[in-house]
Structures are given as structure tokens and as C-alpha cells.
Amino acid sequence: MFMSTWSFLKRHKRKFIFAGALVGGVYLLGKYAQRKIREIQEREAAEYIAQARRQYHFESNQRTCNMTVLSMLPTLRDAIIQHLHSESLTALLKNKPANKLEIWEDLKIISFARSIVAVYSTCMLVILLRVQLNIIGGYIYLDNSVSKNGTTPLAPPDVQQQYLSSIQHLLGDGLHELITVVKQAVQEVLGGVSLKQSLSLQELEQHINQIRALVEGGNITGHQRPLSWYMMPDEENTLASQACGLTEKDVATLKLLNETRDMLENPDFSTVLGTCLSRGFSRLLDNMAEFFRPPQGDPARSSTADSLSHVSLPLAKIIPIINGQVHSVCSEVPSHFVQDLLMIEQVKEFAANVYEAFSTPPTPTHELQK
């Protein structure tokens with residue numbers, strides 16, 4: 001019995017060796033596959049968690065952007081009113097001065113200029129803060145990620161503070177220059193229009209579009225500047241202010257400023273800003289449309305489109321209407337104007353692209369070489 005079994009094994013030795021190798025190989029392959037599947041599952045879970053954390057951080061950052069915009073609107077509004085102070089002119093008119101017509105002409109220019117400046121500067125504030133806070137947000141995400149391994153922070157708090165203080169250019173020199181340009185454009189378009197001349201809402205829109213063309217086309221003599229300049233000074237001016245020597249904090253801040261300047265010069269930025277301005281001026285005209293409706297009971301009131309095209313107001317009556325729009329445009333209370341800007345889909349997409357660009361870890365050099 002034993003000999004027959006041994007003979008059988010001898011005769012089929014190769015088959016048994018092959019079968020054993022096959023079984024062993026399948027077993028090892030199964031173990032290897034299990035380990036690889038587990039590694040893949042763990043990596044996917046880690047990537048999912050990281051992506052969820054990144055998404056949560058991004059959404060939180062957008063809420064911060066919105067709150068920051070709203071908190072800065074009163075400062076912007078006060079600065080505009082201080083530079084374009086129409087209230088002093090209306091006070092003079094109450095005393096019936098001899099140069100009444102001259103004061104009315106000044107009031108015409110200032111009233112239009114301050115509401116148009118309000119639209120420009122509010123749109124600029126919304127999108128500039130979107131860029132700045134998403135650059136900072138991206139770097140903060142990287143600084144807080146485990147992949148940093150204790151290396152030097154990309155955006156420490158003191159650098160963040162110095163970098164974000166650059167918004168003061170828009171509220172200071174940038175705003176002053178914008179006001180100068182807009183006033184000249186308003187003077188060129190409306191300077192020759194009589195206070196007694198009646199304008200429909202459509203005609204008013206045409207005049208505003210002419211003013212925009214002058215401002216955005218850089219066609220104001222001595223003031224050929226792109227819109228981005230009103231948000232950030234030229235690089236030469238920034239470096240000149242640091243001529244006494246650069247600290248590590250200054251170098252890090254200048255890096256952020258240059259990256260921001262690059263974003264502002266990006267064609268996508270111009271497209272998004274253009275969308276914001278179109279929505280902003282459309283909302284301004286919507287606000288004014290309420291004053292161009294026929295009186296209650298007028299048959300023309302039944303058709304909004306027809307009624308607005310047929311109603312005209314003397315320019316003297318339009319002036320106080322547009323003069324007060326600065327309070328609606330730059331309102332920190334959630335208003336239709338600012339809400340419209342914050343909800344524009346292109347603004348959201350652009351913000352997401354900026355955050356994505358600055359929250360993605362750089363590819364190691366050795367990987368690039370491969």
C-alpha cells in the first residue's frame with residue numbers, strides 16, 4: 001500500500017510540484033491583491049477626507065469674503081461722499097445764491113460721478129477681496145496640512161496683515177484717481193446737457209454707457225490707466241516704498257502682492273470684473289427705474305416696458321435721484337446690489353479657481369524630472 005502510493009507520487013511528481021507552486025502562487029497573489037486593495041481604499045479614503053476638508057475650508061473662506069466686503073462698505077461709502085460732497089452744494093442752493101445755475105452744474109457732475117464711482121469701486125472691492133482672501137486661504141490650507149512637515153509657513157499672520165492692508169490703495173489713492181477720471185468723463189458726456197432737458201431711462205442708460213466707455217477705454221487725457229491700477233499700485237511704486245531694505249516679512253508680502261497683480265492682469269479677471277460692472281450698472285438703472293414709472297391710474301403703467309420708454313424726467317429732477325444711489329449701492333445691510341454681485345456664478349467660479357491654484361501643493365522637482 002505504501003509502496004504503491006510512493007510510486008504514484010513519484011510518477012506524478014512534476015504535476016504535484018506544479019500544482020503546489022500554482023496554489024502557493026495564487027495564495028500569495030491573493031494576499032498581494034488584498035494588500036493593494038486595502039492600500040487603494042485607504043488612499044481613496046484619505047483623499048476623500050482631504051478633499052472634504054479642503055472644500056469645507058473653501059466654503060468657510062467664501063463666507064469670510066462676503067462678511068469682509070459688507071464690513072468695508074461703510075468705509076468705502078464715507079470715502080466717496082467725503083470726496084464728492086454734494087450735501088454742501090444742496091445746502092448752498094437752499095439760500096438761493098446768485099450763482100445758482102453754476103452750483104446746479106457742479107451738483108450735476110458730482111451727483112452722477114459719485115454713484116458711478118460707487119458702482120465701480122464696489123465691484124472692484126468685491127472681486128479684489130475674492131482674489132486676496134482666496135490666495136491667503138489657499139496658503140493657510142497648505143500651512144495647516146500635514147504635508148508641510150513643520151516647514152516655514154507660506155503666510156504667517158503678520159504677513160497676512162501686511163498683505164491685506166494693501167486694500168487701502170483702493171480706498172485711498174486708487175479711489176481718488178478713479179473719482180478724477182469719472183468726473184472728467186461725466187463732464188465730457190453730460191457737461192453740455194441742459195438741466196431742463198428731459199431724459200428717458202433709455203437715454204440715461206446711453207449717457208452712462210458713454211461715460212463707462214471713456215473710463216474703461218482709458219480715453220481720459222492724462223489718465224490712461226487700466227482698471228486694475230485703481231485696485232493695486234504699480235509694482236515700481238510698491239518696491240519704491242520698500243527702498244530702505246526688505247525684511248523676510250516684506251519679501252513674503254511682496255510675493256503675495258506680485259501674485260495678486262498677476263491674477264488682476266489675467267484675462268479671466270477682466271472678464272469677471274466686466275460681468276460685475278454690467279450687473280452693477282444694470283442694478284443701478286433698475287433702482288432708478290422706480291422713479292420713471294407713470295403715476296398710479298395712468299393706463300401706460302400697465303406695461304412696464306412701454307411705460308419706462310415713454311416717461312421722461314428733466315435732468316434737474318434726475319440729479320437728486322442719482323445722487324442718493326450711493327447709499328443703496330454701498331449699503332452694508334444685505335442689499336439687492338451687493339447680493340447680486342456676490343451671487344454671480346462667474347465670480348464664484350473664479351474664486352474657486354484662485355483657491356485651487358494656491359491650495360494645491362507644488363509638485364516635487366524629482367517628479368517633474370520624471
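As the structure is a prediction and not an experimental result, all values here were calculated from the model. Any value given below was found using the heavy atoms of this structure, including those in side chains, with hydrogens, waters and symmetry copies removed.
- Here the OH-CG distance, from Y230 to D173, works out to 12.5 Å after rounding to the nearest 0.5 Å.
- Considering CE of M231 and CG of L178, their distance stands at 9.5 Å, rounded to 0.5 Å.
- Every residue meeting the salt bridge (charged side-chain N to carboxylate O under 4.0 Å, His left out) condition with E105, not counting sequence neighbours, appears here in chain and number order: K108.
- Side chain of S166 to main chain of Q162: no donor-acceptor pair is present (N/O by atom type, distance under 3.5 Å, no hydrogens or angles).
- Taking 4.0 Å as the cut-off between side-chain N and carboxylate O, E216 and R225 do not count as a salt-bridged pair.
- From S121, atom OG reaches atom CZ of R114 across 12.5 Å, with rounding to the nearest 0.5 Å.
- Annotation: ring pair (Phe, Tyr, Trp, His ring centres under 6.0 Å) contacts involving residues 106-137, sequence neighbours excluded, comprise Y120-F281.
- Every residue two or more places apart in sequence or in another chain that forms a side-chain contact (heavy atoms from CB on, under 4.5 Å) with D262 is listed here: E265.
- Residue pairs meeting the side-chain hydrogen bond (donor to acceptor under 3.5 Å, both in side chains) criterion with at least one member in residues 66-76, sequence neighbours excluded, are N66-R130.
- What you find for D143 and L154 is that their closest heavy atoms are OD1-N, 2.8 Å.
- Note: L175 CG to Q82 CD = 10.0 Å, rounded to the nearest 0.5 Å.
- Here the side chain of H336 pairs no donor or acceptor atom with the backbone of S328 at under 3.5 angstrom.
- If you take CG on D106 and OG on S111, they are separated by 10.0 Å, rounding to the nearest 0.5 Å.
- No continuous path of ILVMFWY side-chain contacts below 4.5 Å connects V126 to M343, so the two sit in separate hydrophobic clusters.
- Pairing each heavy atom of Y139 with each of A155, the nearest pair is CB-CB, 3.9 Å.
- Considering CG of N353 and CZ of F269, their distance stands at 14.0 Å, rounded to 0.5 Å.
- Residues satisfying the side-chain contact (heavy atoms from CB on, under 4.5 Å) test with P320, not counting sequence neighbours, are none.
- Other residues, nucleotides and ligands contribute over 12 non-hydrogen atoms within 6.0 Å of the NE2 atom of H327.
- Nearest heavy-atom pair across A185 and V215 is CB-CG2, 3.8 Å.
- Between the side chain of N144 and the backbone N or O of I140, at least one donor-acceptor pair lies under 3.5 Å.
- When the shell of 6.0 Å around CD of E203 is examined, it contains more than 12 heavy atoms from other residues, nucleotides or ligands.
- Of all non-hydrogen atoms in Q325 and S115, the two that sit nearest each other are CB-OG, 3.4 Å.
- When all heavy atoms of L76 and C330 are compared, the pair lying nearest together is CD2-SG, 4.3 Å.
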Taking only distance into account, with no hydrogens and no angle test, what donor-acceptor pairs under 3.5 Å do side-chain atoms of residues 272-279 form with protein atoms, sequence neighbours excluded?
from, atom 1, to, atom 2, distance (Å)
T275, OG1, T271, O, 3.0
T275, OG1, Q346, OE1, 2.8
S278, OG, G274, O, 3.0

